[in-house]
Chemist: 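So that we are looking at the same thing, I have put the structure below in structure tokens.
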Protein chains: 2
Amino acid sequence: MGASKLDKYSDDINDIAIIAKVFAHPARVKILQFISKQEHCICNDIVDEIGLSQPTISQHLQVINKAGLLKGDFKGKKFCYCLNVSRFKEFQSLFNSFFNKTTSNCC
Amino acid sequence: MGASKLDKYSDDINDIAIIAKVFAHPARVKILQFISKQEHCICNDIVDEIGLSQPTISQHLQVINKAGLLKGDFKGKKFCYCLNVSRFKEFQSLFNSFFNKTTSNCC
DNA sequence: ATGTAATATTGCAATATTACGATTATAATC
DNA sequence: GATTATAATCGTAATATTGCAATATTACAT
């Protein structure tokens, strides 16, 4: 089947999985790192930087955006994508609470 | 194509993506949480707990194991899977350093 | 309004992932 | 050795992801 049945799992488990998926592709990790380093975050620069086609980058940006990790604004004719730092920090604390809750008793 | 070309990316970027992939499926998140709560971590119990078939659980366990997150030992006739806590903490610190490095200047 | 540059969308092909039934391997116990 | 319980592997189907070419859209010029 290949479909993961999200309704089978609790919200906090799904949250972790959904967040992790954003970082589960190196192109998206690189995009996020690149965006965070720039003062002006313009999509076409990303295409040059990552070495994937413009439609593919656009697709990855949508995944990142759907997760709420982008703040966008217009700068001339170009979009200015910026990292939504507060959302990013939210992800970090969700991950850390998952990591901290998950410790072992056995072995 | 659908294949991500890992050789295109730096090691630290690939590390994050590879780690994230482990957590990118709710079944694996749930398995990890469940294992961490048990004193004796037996595969068949996991099957009952997660509600997926034994082969599917086995497959997920392999993904988790390949990431180095399991320590295994025999307990009677059943395998005892346990969380490799030190590896888990390693993941946490890798993620945190990624999160901490990735902040924004613009917008 | 027309042209141009930047980004989004569509359509499609290749590959990866997820899931399970059937089978096989492994290990403990008889 | 045979039996039984448990986990791994194989084969296969369904779905998701990734990637790009072609096209559409958008915003800003002129």
Side-chain angles (χ1 to χ4, degrees), chain A residues 1-9 13-14 17-31 34-35 38 40-67 70-82, chain B residues 1-9 13-14 17-31 34-35 38 40-67 70-82:
Chain A
M1 292 174 188
S4 65
K5 305 152 193 169
L6 286 176
D7 52 316
K8 287 186 58 172
Y9 304 95
I13 286 177
N14 280 330
I18 288 164
I19 293 169
K21 245 177 211 172
V22 176
F23 306 112
H25 194 289
R28 288 195 288 269
V29 176
K30 196 172 179 183
I31 287 171
F34 180 69
I35 287 180
Q38 304 306 307
H40 306 284
C41 324
I42 294 147
C43 184
N44 205 250
D45 291 348
I46 299 178
V47 173
D48 296 340
E49 176 72 15
I50 313 292
L52 293 169
S53 72
Q54 180 267 321
T56 302
I57 296 293
S58 186
Q59 220 168 9
H60 281 307
L61 280 170
Q62 271 186 65
V63 174
I64 296 169
N65 189 39
K66 264 182 196 163
L70 293 181
K71 285 193 298 183
D73 220 10
F74 295 97
K75 278 279 168 68
K77 73 183 80 172
K78 300 177 177 183
F79 274 98
C80 174
Y81 290 113
C82 302
Chain B
M1 289 174 190
S4 65
K5 305 151 191 169
L6 287 175
D7 51 314
K8 289 184 59 173
Y9 304 96
I13 285 177
N14 280 329
I18 288 165
I19 293 170
K21 244 177 211 172
V22 177
F23 306 113
H25 194 288
R28 288 195 287 271
V29 176
K30 196 172 180 184
I31 287 171
F34 181 69
I35 287 180
Q38 303 306 307
H40 306 285
C41 325
I42 294 146
C43 184
N44 205 249
D45 291 348
I46 299 177
V47 172
D48 296 340
E49 176 72 15
I50 313 292
L52 293 170
S53 72
Q54 180 268 320
T56 302
I57 296 295
S58 188
Q59 218 170 11
H60 282 306
L61 279 170
Q62 269 186 66
V63 174
I64 296 170
N65 190 38
K66 263 182 195 162
L70 293 181
K71 286 194 298 183
D73 220 9
F74 297 96
K75 278 278 168 70
K77 72 184 80 173
K78 300 178 177 183
F79 274 97
C80 174
Y81 290 111
C82 302

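Naming convention: chains lettered A, B, ... in sequence-line order (proteins, then strands); numbering from 1 in each chain.
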Chemist: Under 4.0 Å between a side-chain N or O of A/His25 and OP1 or OP2 of C/dA16?
Modeler: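 Looking at the OP1 and OP2 atoms of C/dA16, neither is under 4.0 Å from any side-chain N or O of A/His25.
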
Chemist: For residues A/His25 and B/Ala17, report the shortest heavy-atom separation together with the two atoms involved.
Modeler: C-CB, 3.9 Å

Chemist: If I compare all heavy atoms of A/Asn14 with all of A/Tyr9, which pair ends up nearest, and what's the gap?
Modeler: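 Shortest heavy-atom contact: ND2-O, 3.4 Å.
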
Chemist: What is the separation between atom NZ on B/Lys21 and atom P on D/dA16, rounded to the nearest whole Å?
Modeler: 17 Å

Chemist: How many Å lie between CD1 on B/Ile50 and C1' on C/dT18, as a whole number?
Modeler: 15 Å

Chemist: Out of curiosity, A/Asp45 CG to A/Ile57 CD1, how far, rounded to the nearest 0.5 Å?
Modeler: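 Spacing of CG (A/Asp45) from CD1 (A/Ile57) equals 11.5 Å.
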
Chemist: Work out which heavy atom in B/Val22 is nearest to a heavy atom in B/Ala67; give both atom names and the distance.
Modeler: CG2-CB, 3.6 Å

Chemist: Can you tabulate the close N/O pairs, meaning under 3.5 Å, that link protein atoms to atoms of nucleotides 10-12 of chain C?
Modeler:
none

Chemist: What is the distance, to the nearest angstrom, from the CD1 atom on B/Ile57 to the P atom on C/dT17?
Modeler: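 It is 18 Å, rounded to the nearest whole Å.
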
Chemist: From B/Ile50 CD1 over to B/Arg28 CZ, what is the distance, rounded to the nearest 0.5 angstrom?
Modeler: 12.0 Å

Chemist: Nearest 0.5 angstrom please: A/Leu70 CG to A/Gln62 CD, how far?
Modeler: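 Taking CG in A/Leu70 and CD in A/Gln62, the distance rounds to 10.5 Å.
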
Chemist: Kindly point out which of C/dT18, C/dC20, D/dA8 is positioned nearest to the side chain of B/Ser53?
Modeler: C/dC20

Chemist: Provide, to the nearest angstrom, the distance between the CD1 atom belonging to B/Ile31 and the C1' atom belonging to C/dT18.
Modeler: 12 Å

Chemist: Any donor-acceptor pair under 3.5 Å between the side chain of A/Gln54 and the base of C/dA8?
Modeler: yes

Chemist: Would you indicate which nucleotide in C/dT9, C/dC20, D/dT9 comes nearest to any side-chain atom of A/Gln62?
Modeler: C/dT9

Chemist: For the atom pair CD1 (A/Ile35) and NZ (A/Lys71), what is the distance rounded to the nearest 0.5 Å?
Modeler: 12.5 Å

Chemist: Please give, in whole Å, the distance from C/dA19 P to A/Lys8 NZ?
Modeler: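 A/Lys8 atom NZ is separated from C/dA19 atom P by 7 Å.
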
Chemist: Take the protein atom NE2 of A/His60 and the nucleotide atom P of C/dA8, then report the distance between them rounded to whole Å.
Modeler: 14 Å

Chemist: Over how many whole Å does the gap from A/Tyr9 atom OH to C/dA19 atom C1' extend?
Modeler: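 It works out to 10 Å between those atoms.
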
Chemist: Atom CG of A/Asp48 and atom C1' of C/dT7: how far apart are they, to the nearest Å?
Modeler: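 Spelled out: CG on A/Asp48 to C1' on C/dT7 is 14 Å.
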
